Amino acid sequence: SWDTSDWESAWDNGDNKEEEAAGEETTGQNALWLQDCVVSLSPCSDLLVVAREQKAVFLSAKWCTDNSGREEMTLAVSWTGTLSTEEGECVSSSVCIPLASQKRSSTGRPDWTCVVVGFTSGYVRFYTENGVLLLAQLLHEDPVLRLKCRTYEIPRHPGVTEQHEELSILYPAALVTIDGFSLFQSLRACRNQVARAAAAGSDVIQPPPLAYKKWGLQDMDTIVDHSSVGIMTLCVFDQMKNASILGGFNASVKGSPPAMSQYVTVGGGPYTGFYYAVEGSSQPLLSHVALAVASKLTSALFSAASGWLGWNKNKNEEEAVQKQKPKVEAATPLGIRFGLPDSRRHGESISLSPCNTLAGVTDDFGRVTLLDLARGIAIRMWKGYRDAQLGWLQVPEEQSDRGFSPSASLPRRHALFLVIYAPRRGILEVWAMQQGPRVGAFTVGKHCRLLFAGYHLMGVNSVTSQGWQLHTQQVCLLDPITGALRTVNIPFHLALSDKKSERAKDMHLLKRLTNILKNREVEPDILESEAKNVLLDIKHPAIKKQAMESLLSNKNAPVSCLSNIMCTLYEALKQQDPEEVDPALFQLCSSQLKLLQLYTDVQQLQSTSDTEVYSENVGTYSFSLSDELSRVGPTLQRYAQFTSRPSVSFAQDSPDSPLPAQAFLSQMECTEDGQLKVIRGTETEWNQLGNFLFWGCLCGNNPIQNVCDTLQKAGISPQQLLSLLMTVWLQREKEVLQKTEETVRNLHTLLIALSNMKGAVEESWDPQSVSPWWQQVRSTCIQSHNAAAALLAAFVAHCAAKASISSHADSKLQSEWEAVSLELEQWVVCVKQLEDVLVLQTLMLVPPPQGAGGSAAAAQCSIKTLLEGGTGGIADSVSKWVFRHNLPPERLKEIIQRREDNNAEGKLEQKLLVAVCQQFPHSLSPDLLFAHCCWEYVVQWNKDPEEGRCLCWAVEHLKLVSSPHIQLGISTMMWSTFIVKRFSAAAYLMEKVGKAPKDRLCRRDVGMGDKAVTCFLGCCVQLLQILMEADSAVEEVAAPELSVEEAWFGAEGPASIAELALEQKGVHYPLVQHHCLLASLLHAAMTFSLRVKPLSLFDSKGKNAFFRDLATIQLMPSGDMDPGLISLRQEFLLRVLTGWVQADWWPSLCLELGSLLQINPDILRRHLVCELYNQGLDLRAEEVMLEVEDKDVLGSQLLVLTGQRLCYSLLHSQSQTQAAMELLARLPPTLCTWLKAMDPSELRCPLVPLSQISRLVSRLIEILPENHAQYSLALHLLEAVDVLTTED
C-alpha cells in the first residue's frame, strides 16, 4: 500500500459549506441531536432539509464573506416552520429533488428544488424551497418508511437499458412508485398555479392527479428499506431456467424475455427480498384527489380523466370533498421471487450503486454486505461496522490519463468506490469495488451524518442533456459540531493496480504540482520543497519532463527557486545509473540549468553600475560621427517632434517591463554541440529579449564588454545578437532621440564589441567584396520604418566598417593608402537613401488639420517600400499626403513655385514639403507630382463618387500638368478606367426616362445622387476639353525625359503614372469632340432639369460612335443633318437658354454647341435677346441684339413683348391711375383691342420702369423698316408711352 496523504490532506482544506442551523439546535449540549432528525441534501448541494417530528428547517446556499475577506459558500436558514397538518403525524422521511430547467439556454443548473416529505400518517407532501405546499397525496394508510428517487442517467455504453425516472415510497407492506414524467409535469403545474394564486390573492391550490403503481409486497415478515433497481431484461438462459423451475418439465417459454422492474427490500424473514414486477401486469392508477383545478393541464392522461374526476365543481362541493379523506386504491399483490434467508439477521438499510448492479446492505450484527443484484447473491462482507452509513462514488477516468491508457480509443472508464461511515469508530473509509482494497480512511467525528442522494436532476432526458455539465455532488458528510459539510473526492487511479497504478500515481503527482503552481499565494520555500519532492518522486521520464516544463513555464516561481530545483534534479539524475536515465531528459535538465545560469548572470550585470569607456574607440568615434550628427541634427529634431506624440499601448507590452525567466527560457534552446540558439517568436517576445540583453548597455547602465563576454561564453551566435541589438535600437527610437549623443556612442562600442567576436566578420573577407556581417546591419536599416534610428545606426555602422576595413588593410598592405572598397560604396548609398527617407517620413508624420477629408493614418515608409513602389513610389507617397491634408491644387502650385524661388517661408508643413521636393528633384518634379495627385484624387473619388470635390480637384491637378504628353495619357487613362462606365450609365438612364433623372434612379444606375451626377458631368466636359487641347499641343512639344535620383536607381516595382501616361496611344480628335458634345448636352439637361432624350439628338452613326475607345477611328456623322433632328436640337438649346439664370457661361456654350449641332446661331441669339428682355435684363439684351442679323423677325418678337409690358402697367398693375384710364380711352381702337389681347403672365419680370419700356419702343422703331406691316402699331405704342411718361 502506498501513501495517500496527498489527497487525504485535501479533505481538510476542501471547500467548507457552513450550516447555520436554528440556534436552539446548534447550541444544545447533546451532540446526538442530529441522530434523531430526518436529514436530506439536494444532490446540487444547494438545499439542506433538517426535520424532527412536526418541525423542519430549510437551509439554502449563498455566498458570504468571512473575517479575512475571503468569499465562501454557506448554507443559511431560508425557511422554518411546522409541516404536519393531521393530528399526531410526524415527519418520517424526506428527499430533495432538483428539477431541470426547460429553457433552451440551460447548461445543467436546476430550475428549482422540490422538497418531498413522508409522514407517519401515510401522507406524502411536496413543498417548494420556500416551504409552500404544492401537493399532498394519501396513497396508502400506513406510515411512510422511506422515500427514494431515481433520475435519468446518461448510458455509458450501448446495450445498457435506459431507466425511467420515478419516486418510490415504501410502506410497511406496500411499495408505491410514481412515474417521474408525470410527477415532473404535476409539480411544474402546481408551482405555476401557486405563483398565479399568489398574484391573484387566493390561497386555494388544487393538485392535479398523479400516475402511480402500488404493489403489495408479500412473503416477507418485516421491511425497513428498499431499492428500486429499474427495468431489466433477462437473458434467454435465465428465462429458460426460471420457466423450468416455476413451470416444471413441460413449461412453455415465450419468444422474447419480458421486461421487469426489480425491487430489492431489506428487513427480516428473509433478510433480503428480491421482487420482480413484469411490465404491463398492472395498469397505472390515478390519485383520487378530485379537487377543482383553476386551469386545465396539458397532459393527455389528465385531460382524458378530467371528466370523471369532477374538476371545476362549485365551492360547497369542494369543501365537502376536502373534509372527507381521499379514497385509497388497493395494492396489486406482488410475490417474492427469492431472498437471502438468515433468520437471526435483520437488515437496516440498503444503498444502490450508481451503475444499478451492486448494493450495500447494513444489518443489526454490524456487518456491511455487498450484493450482486443481477445474480441475487452476496459477494463480499465487512464486519465491525455497527450503525454504518453507506454511500457510493463513481469516478470517471481523467482525460490526461487516457493518453497512457491502452484503451484510449474506447469509451471513458469509470471506477466504483463504496464509502462506509462507521459512527462508533468515528472513521470514514473508501473501498475499491468489487474485491479491491481500502484506498483511503479519514478520522471524522462520531456524530456525523453521511448524505448520499443516489440521483441527479429530475426532468432530464437523452435530448435535453446534450452538452450539459451536471453540477452534482455524490457523497457528503455533515458534521453537526463544526457545522461543516464536506464532499468526498477520490482520484481515478486508486482503482488501478501494478504498473498502471504507478503511471497513474505519476499523473496524480503531476496534477498535484500543477495545483501548487496555480496557487499564487504559496511561499517560494514551500513551492521549492514541494516541487523537488514531486519531481524526484515521478518515475516515468515523459511525465517527469512534462512536470519540468510546467514548472519552468510557471510565472509565479522565482528564478532562484527554479535554479535550486533544477540543480537538485540534475544531481539526482547524475547519481543514477547512466543506462537507466533517459538521455533526452538529462539533456533537457542540463540545458535549462545552463539557461537559468545565463539569465541570472545577465540580471546581475544589470544591477552593477560600473560602466567603462574604451579609449581605442573614442578616436574613431568622435571625428567622423559628430560631424554627421550635427549635419542632420535639425531634421532629427523635427522628426522627434512628430514621433514624440502620446499614443495608447498596453502595460504588458511595454518594453520597460522586466523579462520573466519563463519568457527567457521559452525563447532559447540548446543545440547538440552545446551552443545556444534564440528561437524567433512573436515580434513582442523578440523585442523583450533584446531589451533585456542590450537596452541597459545602450543607456550606459550596464558594462558593455562584460555583457558581450557573458553572451559569447554562453555560445549565442554574434549574428543573432546583432539582430537583437538592431531590433532594440530601432524599436526604442523615441528614447534614442532624447539622448542621441550618449546612445550613439554606446551603440558604436557595442557594434565594435560584437564585430570582434569569433564568427562575426569572416577571417577570409576581402574588403573588395560585400561582408555578410555589415550587409545584415544594412538590410535591417533598409527594411526599418523607424527612419531616424535607422539613419543613426547606418552612421555608426559605416564608421565601424570603415575602421574595420582600415585595420584589415593595415595588417595586409602596411600602407598609408585608404582601401577603396565596395563595402564603403554601399554604405554611402545607404546613408544617402536613409537621409532622404527621414525627410520624407518627417513630412508623412505631419498630422492633417482637423476636419480634413482624408484618413488620419500616416503612411509608413522605408527604403524597401520606396524601392518596391517603383519609380513613382515617392511621388505616390507625397500625393497621398496631399490628399490627407486636403491641400487645394492652387495652393500646391504656389508651394512648388516657392521651391523654385528658394524662398522657404510659411507654415511648417509647407517648409517640409519644399524640403522633400528639394531632396527629390527628379522624382518630385512638378509634372510628376501633379500627375500623381490627379490620379490619387480620382482613385479616392471612385471609392466615394458622392465626393464630387475629389473629381473636380483631380481635373484641376490635371490642368496644372505642363507637358501635353503626360496630360493626354492621364486623361485617356482616367476616361477609360473610371469615367466612361458611369458616363454611359448616365446617358442611357436619361435616354430611358426622357428627362433629368431623380435622385433614386441616379443612385441605382450611376451609383451617386442627382447633385453628384451634375457635378460629375461638368467634370467630364472639362476632362474631354483638356484631352482635346492636349491632343492638339502634342505635335508642337517633344515628350519629356523622366529620370530618378542617383541613389534611387535600384527601384523595382510598378511604373509611375507618368511613365504609363507616356505609353498611351493617341486619340481620335473628332471622337473626343463628339463625346464632349454629348457631355455638354447631359450637363445642361441635369443643370436645368430639362426634358430630353440626349441620344435621340444624334443619327445612327453618331449613336454608334459613343462610348468607344477614344483611340479608335469611328464612322462619324457627316454632311447635312435630318431637319427633324435639327429642330429637336434647336428646341433643346432654346430651352437651355430659357433655363439659364445663374451661370454666365451657358449662352456662349449654347452658341458653340449650336454650330456643332448644325443649328442657325441667329435663331439662338434672337431667342437669347427675348429671354433677357423677358427677365428684365434690358442692357444685356441690347448688347446681344447688336449681333443679330435678321432684325425684322426680332422686331416682331420684341413688339409682342413690349405690348405685354404696357398691358401689365395699364391693365394689371395695382396702381391703376385715373390718368391711365383716360389714356386708354384716348388710344386708337385697334391699339386698345391689341393691348387687351396681350397676356402679361408670360413675362418673368413684368414690373419694369416706364423709362425702360420707352427705350425698348425706341429700339423697335429703329429696327423695323417703315414698310413693315406692324410699323404703324409701333408708332402708336411710342405715342402712348410718351404720354404716360409726361404725365408721371
Side-chain angles (χ1 to χ4, degrees), residues 889-890 893 925-935 937-938 951-980 983-984 987 1016-1042 1056-1084 1098 1101-1102 1104-1119 1145-1159 1161:
E890 286 302 321
K893 185 183 175 186
S925 63
D927 272 8
L928 266 175
L929 184 53
F930 288 134
H932 275 272
C933 287
C934 165
W935 196 254
Y937 270 103
V938 78
L951 186 58
C952 294
W953 278 16
V955 173
E956 289 301 315
H957 278 296
L958 187 58
K959 285 179 186 170
L960 296 175
V961 176
S962 59
S963 159
H965 295 82
I966 296 176
Q967 244 185 359
L968 179 69
I970 287 184
S971 311
T972 316
M973 284 154 60
M974 270 173 73
W975 175 261
S976 58
T977 311
F978 300 110
I979 306 293
V980 71
F983 179 69
S984 62
F1016 162 67
L1017 292 170
C1019 292
C1020 290
V1021 176
Q1022 291 187 53
L1023 178 68
L1024 292 165
Q1025 284 172 344
I1026 293 169
L1027 194 49
M1028 291 192 289
E1029 287 165 20
D1031 187 50
S1032 310
V1034 162
E1035 308 297 326
E1036 302 159 21
V1037 187
E1041 287 290 325
L1042 301 177
S1056 73
I1057 291 296
E1059 285 172 341
L1060 290 173
L1062 293 175
E1063 289 167 11
Q1064 298 300 311
K1065 291 186 245 170
V1067 293
H1068 182 46
Y1069 187 90
L1071 185 58
V1072 180
Q1073 193 178 36
H1074 188 55
H1075 278 89
C1076 189
L1077 186 60
L1078 177 63
S1080 303
L1081 294 175
L1082 293 175
H1083 188 209
F1098 297 89
K1101 284 182 194 170
N1104 286 338
F1106 283 129
F1107 320 125
R1108 306 277 179 186
D1109 182 358
L1110 297 180
T1112 56
I1113 296 174
Q1114 298 291 332
L1115 199 60
M1116 303 297 292
S1118 57
W1145 52 280
W1146 280 105
S1148 56
L1149 178 70
C1150 279
L1151 294 171
E1152 280 175 39
L1153 291 176
S1155 60
L1156 289 171
L1157 294 169
Q1158 300 184 10
I1159 295 168

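Only this structure's heavy atoms are used, side chains among them; waters, hydrogens and symmetry mates stay out. Just so it is clear, the model here is predicted, and its values are computed rather than measured. If you read the sequence from its start, that first residue is 1, and numbering goes on from there.
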| Cys1020 versus His1083: any side-chain heavy-atom pair under 4.5 Å? | no
| So, do Gln1064 and Ser971 sit near enough that their side-chain heavy atoms are less than 4.5 Å apart? | no
| When rounded to the nearest 0.5 angstrom, what distance separates OH in Tyr937 from NE2 in His932? | 15.0 Å
| request: Please report the closest heavy-atom contact between Met974 and Leu1023, naming both atoms and the distance. | output: CE-CD1, 4.0 Å
| task | Kindly give the heavy-atom pair with the smallest separation between Gly1066 and Ala1111, and that separation in Å. | result | O-CB, 3.2 Å
| query | Step by step, would you call Lys959 with Gln1022 a side-chain hydrogen bond (donor to acceptor under 3.5 Å, both in side chains)? | reply | CA-CA 9 Å; Lys959 285 179 186 170; Gln1022 291 187 53; 2.7 Å; yes
| Is there side-chain contact between Leu1060 and Glu1063, with at least one heavy-atom pair below 4.5 Å? | yes
| task | Run the numbers on Val1067 and Thr972 for side chain to side chain contact (heavy atoms under 4.5 Å, CB included), then give the verdict. | result | CA-CA 8 Å; Val1067 293; Thr972 316; 4.0 Å; yes
| task | Would you please test Ser1032 and Tyr1069 for side chain to side chain contact (heavy atoms under 4.5 Å, CB included) and show each step? | result | CA-CA 8 Å; Ser1032 310; Tyr1069 187 90; 3.8 Å; yes
| Exam field: side chain Thr1112 to backbone Asp1109, donor-acceptor pair closer than 3.5 Å | yes
| Nearest 0.5 Å, what's the CG-CG distance between Leu1077 and Leu1082? | 10.0 Å
| query | If you round to the nearest 0.5 Å, how far is CG of Leu1110 from CZ of Arg1108? | reply | 12.0 Å
| message | Do Val1072 and Asp1031 make a side-chain contact, defined as non-hydrogen atoms from C-beta onward lying under 4.5 Å apart? | response | no
| task | Measure the spacing between CZ of Phe983 and CG of Leu1078 and express it to the nearest 0.5 Å. | result | 4.0 Å
| What pair of heavy atoms forms the shortest contact from Ala1061 to Ile966, and how long is it? | CB-O, 3.8 Å
| message | For the NE2 atom of His1074 and the NE2 atom of His1068, what is their distance to the nearest 0.5 Å? | response | 10.5 Å
| task | Indicate yes or no for a side-chain donor-acceptor contact from Gln967 to the backbone of Leu958 under 3.5 Å, with no hydrogens or angles considered. | result | yes
| Do Glu1059 side-chain atoms and Ser1056 backbone N/O form a donor-acceptor pair below 3.5 Å? | yes
| query | Any side-chain donor-acceptor pair under 3.5 Å between Ser963 and Asp927? | reply | no
| task | Would you mind reporting whether Trp953 and Cys933 have side-chain heavy atoms less than 4.5 Å apart? | result | no
| Ring centers of His1075, Trp975 separated by less than 6.0 Å | yes
| query | Which distance, rounded to the nearest 0.5 Å, do you find between the NE2 of His965 and the CD1 of Ile970? | reply | 13.5 Å
| said: I'd like to know whether Phe978 forms a side chain to side chain contact (heavy atoms under 4.5 Å, CB included) with Trp935, so could you lay out the CA-CA distance, the side-chain angles of the two residues, the decisive distance to 0.1 Å, and finally the verdict. | reply: CA-CA 10 Å; Phe978 300 110; Trp935 196 254; 3.6 Å; yes
| Beyond-backbone contact of Val961 with Cys934, side-chain heavy atoms, under 4.5 angstrom | no
